[in-house]
Q: 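The structure that follows is given in the form of structure tokens.
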Amino acid sequence: MNASIPASEALPGTDEPGGVIAVTRALRLLEAFGMTDAQLTLAELSRRTGMHKTTALRLARTLAADHYLVQKEDSSWRLGRAAGWLGACYQATFNAHDVVEPVLRELAIETGESASFYVREGNQRTCLARVDGPRTIRHHVRVGIGLPLELGAPGRVILAFSGEPGEPYETIRQRGYHLSQGEREAEVSSVSAPVFGMHWRLLGSVCISGPTSRLSETRLLELAQTIIRAANQLSYALAGGHKPPTRAGGAATWHP
């Protein structure tokens with residue numbers, strides 16, 4: 001495959017030292033397929049990747065030679081069995097904690113507060129993973145503990161993106177996060193955002209929490225974009241690289 005790429009077709013993120021542009025471009029072609037795309041035309045592959053049709057066709061034929069793509073009788077393309085095998089291997093060997101804990105650690109370092117990931121179990125939210133903040137005075141929660149869904153930002157977020165009607169859930173769905181002060185525990189504040197997984201189903205919520213003396217409403221609003229960014233990062237990783245939408249229609253049993 002010719003790795004010489006016209007400047008007009010240069011893709012962002014392909015100019016790192018040691019990178020192989022042809023490989024990156026082939027991966028972009030595979031990533032063009034979404035969860036609802038049984039097949040894509042060459043024109044659509046070209047549009048989604050920003051490649052010329054001749055380039056996309058050359059790459060598609062190369063991928064088809066090793067069964068990562070299949071060309072159908074109507075000349076459209078679908079994912080092949082080799083791509084399916086990689087997905088099955090990913091699911092079989094995936095460890096959620098390997099993805100969740102590093103993100104929580106980054107959050108704790110960046111904000112100076114504790115970071116947690118909650119999932120729904122029945123009518124409660126369970127702390128699945130947590131990294132305590134570096135400060136001496138901090139909010140403590142034990143991993144595995146069950147807490148009320150209707151009290152605190154993480155539980156409210158889970159309810160909102162599980163389809164709970166009315167307020168404050170409509171507002172939470174509209175802005176994509178929620179903050180609370182002293183709702184479940186006096187003098188404790190938190191801000192939380194939803195995390196999605198495969199098939200765009202809600203998995204849980206990620207949050208930052210700490211003493212209200214440090215986490216005023218103004219500070220929580222400042223941290224809202226930080227928690228949304230972390231939630232998007234987790235969603236992308238837990239969905240296997242397929243970016244979920246900002247809203248979901250229901251909750252899923254915990255598993256990516």
Q: Checking side chain to side chain contact (heavy atoms under 4.5 Å, CB included) for the pair M51/L59: CA distance, chi angles, key distance, verdict?
A: CA-CA 10 Å; M51 302 178 197; L59 289 170; 3.6 Å; yes
Q: Give a yes or no on whether the backbone of F33 and the side-chain of R48 come within a donor-acceptor separation of less than 3.5 Å.
A: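 Looks like no, no N/O pair under 3.5 Å.
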Q: To the closest 0.5 Å, what do you measure between CG (L30) and CG (L63)?
A: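 If we round to the nearest 0.5 Å, L30:CG and L63:CG are 5.0 Å apart.
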Q: Ignoring hydrogens, what is the shortest heavy-atom contact between E101 and A129? Give both atom names and the distance.
A: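 That closest heavy-atom pairing would be CG-CB, 4.3 Å.
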Q: Run the side chain to side chain contact (heavy atoms under 4.5 Å, CB included) check on L223 and L215 step by step: do they pass?
A: CA-CA 9 Å; L223 292 173; L215 293 181; 3.8 Å; yes
Q: Check S114 against D132 and note the closest heavy-atom contact, atom names and distance.
A: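 The answer is OG-CA, 3.5 Å.
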Q: Taking atom CD of E222 as the centre, does the number of heavy atoms from other residues, nucleotides or ligands within less than 6.0 Å exceed 12?
A: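 Enclosed.
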Q: Is it true that F161 and L151 fall in one hydrophobic cluster, defined by side-chain heavy atoms closer than 4.5 Å?
A: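 No; tracing contacts between hydrophobic side chains, which count when under 4.5 Å, never links both residues.
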Q: How many angstroms lie between atom CG of L57 and atom CG of L29, to the nearest 0.5 angstrom?
A: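 Between atom CG of L57 and atom CG of L29 there are 10.0 Å.
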Q: Would you say S75's side chain and Q71's backbone share a donor-acceptor pair under 3.5 angstrom?
A: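 No.
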Q: Against Y118, only a single residue in T126, V157, I158, L128 fulfils side chain to side chain contact (heavy atoms under 4.5 Å, CB included); can you say which?
A: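 Result for side chain to side chain contact (heavy atoms under 4.5 Å, CB included) with Y118: I158.
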Q: Has R78 got a side-chain atom pairing as donor or acceptor with A38's backbone, closer than 3.5 angstrom?
A: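 Checking the backbone N and O of A38 against the side chain of R78, no donor-acceptor pair under 3.5 Å is found.
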Q: What heavy-atom pair brings L179 and E217 nearest, and what distance separates the two atoms?
A: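 That would be CD1-CG, 4.5 Å.
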Q: Please confirm whether the backbone N or O of A231 pairs with a side-chain atom of S235, one donor and one acceptor, at under 3.5 Å?
A: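 Checked: pair present.
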Q: Would you say R184 and P154 make side-chain contact, with heavy atoms under 4.5 Å?
A: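 No - every pair of side-chain heavy atoms lies 4.5 Å or more apart.
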Q: Regarding S180 and S190, is there a side-chain donor-to-acceptor distance under 3.5 Å anywhere?
A: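 S180 vs S190: donor-acceptor pair found between side chains.
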Q: Considering only heavy atoms from C-beta outward, does the side chain of Q39 approach that of D74 to under 4.5 Å?
A: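 Contact flag for Q39/D74 side chains = yes.
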Q: What I'd like to find out is whether the side chain of V103 reaches to under 4.5 Å of the side chain of V206, using heavy atoms alone.
A: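 Not in contact.
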Q: Which value, rounded to the nearest 0.5 Å, describes the distance between E150 atom CD and Q124 atom CD?
A: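 Those atoms lie 9.5 Å apart.
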Q: Is there a side-chain contact between Q181 and L220 in this structure, where contact means two heavy atoms from C-beta onward sitting under 4.5 Å apart?
A: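 Of all side-chain heavy-atom pairs linking L220 with Q181, at least one is under 4.5 Å.
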Q: Just so I know, are the side chains of L79 and V70 near enough to count as touching, which here means a heavy-atom distance under 4.5 Å?
A: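 A side-chain contact under 4.5 Å is absent here.
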Q: Between T212 and S189, does any side-chain donor sit less than 3.5 Å from a side-chain acceptor?
A: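 Looking only at side-chain atoms, S189 and T212 do form a donor-acceptor pair, the distance falling under 3.5 Å.
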Q: How long is the span from the OG1 atom in T226 to the CD atom in E110, to the nearest 0.5 Å?
A: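 Interatomic distance, T226 OG1 to E110 CD, rounded to 0.5 Å: 5.0 Å.
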Q: Given side chains that start at C-beta, do those of R120 and L159 come closer than 4.5 Å, heavy atoms only?
A: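 A side-chain contact under 4.5 Å exists here.
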Q: So which heavy atom on T49 is nearest to which on A32, and how close?
A: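 Smallest interatomic distance, heavy atoms only, reads CG2-CB, 4.0 Å.
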Q: Restricting to non-hydrogen atoms, name the atom on W77 and the atom on L69 that form the minimum distance, rounded to 0.1 Å.
A: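 The answer is CE3-CB, 4.0 Å.
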Q: Supply the atom-to-atom distance E167 CD to Y169 OH, rounded to the nearest 0.5 angstrom.
A: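 E167 atom CD to Y169 atom OH measures 10.0 Å (nearest 0.5 Å).
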Q: Hey, quick one: are L221 and L107 part of the same hydrophobic cluster, counting side-chain heavy atoms closer than 4.5 Å, chains of contacts allowed?
A: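 Hydrophobic grouping puts L221 with L107.
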Q: Do you know which two heavy atoms are closest between Y68 and A83, and how far apart they sit?
A: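 Looking at all heavy atoms of both residues, the closest pair is CD2-N, 3.8 Å.
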Q: Please examine the side chains of R219 and E113, heavy atoms only from C-beta on, and report whether any two atoms are closer than 4.5 Å.
A: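 No, every pair of side-chain atoms sits at 4.5 Å or beyond.
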Q: Could you check if a side-chain atom of R156 sits within less than 4.5 angstrom of a side-chain atom of S192, using non-hydrogen atoms only?
A: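 Side-chain contact under 4.5 Å: no.
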Q: Decide whether I208 and I109 are clustered together by the hydrophobic rule: side chain heavy atoms of Ile, Leu, Val, Met, Phe, Trp, Tyr closer than 4.5 Å, transitively.
A: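 Shared cluster, no.
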Q: CG of L42 to NZ of K53: how many Å apart, nearest 0.5 Å?
A: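 With rounding to 0.5 Å, CG (L42) is 6.5 Å from NZ (K53).
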Q: For E170, does the CD atom sit with more than 12 other heavy atoms under 6.0 Å from it, leaving out its own atoms?
A: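 Enclosed: over 12 neighbouring heavy atoms sit under 6.0 Å from CD of E170.
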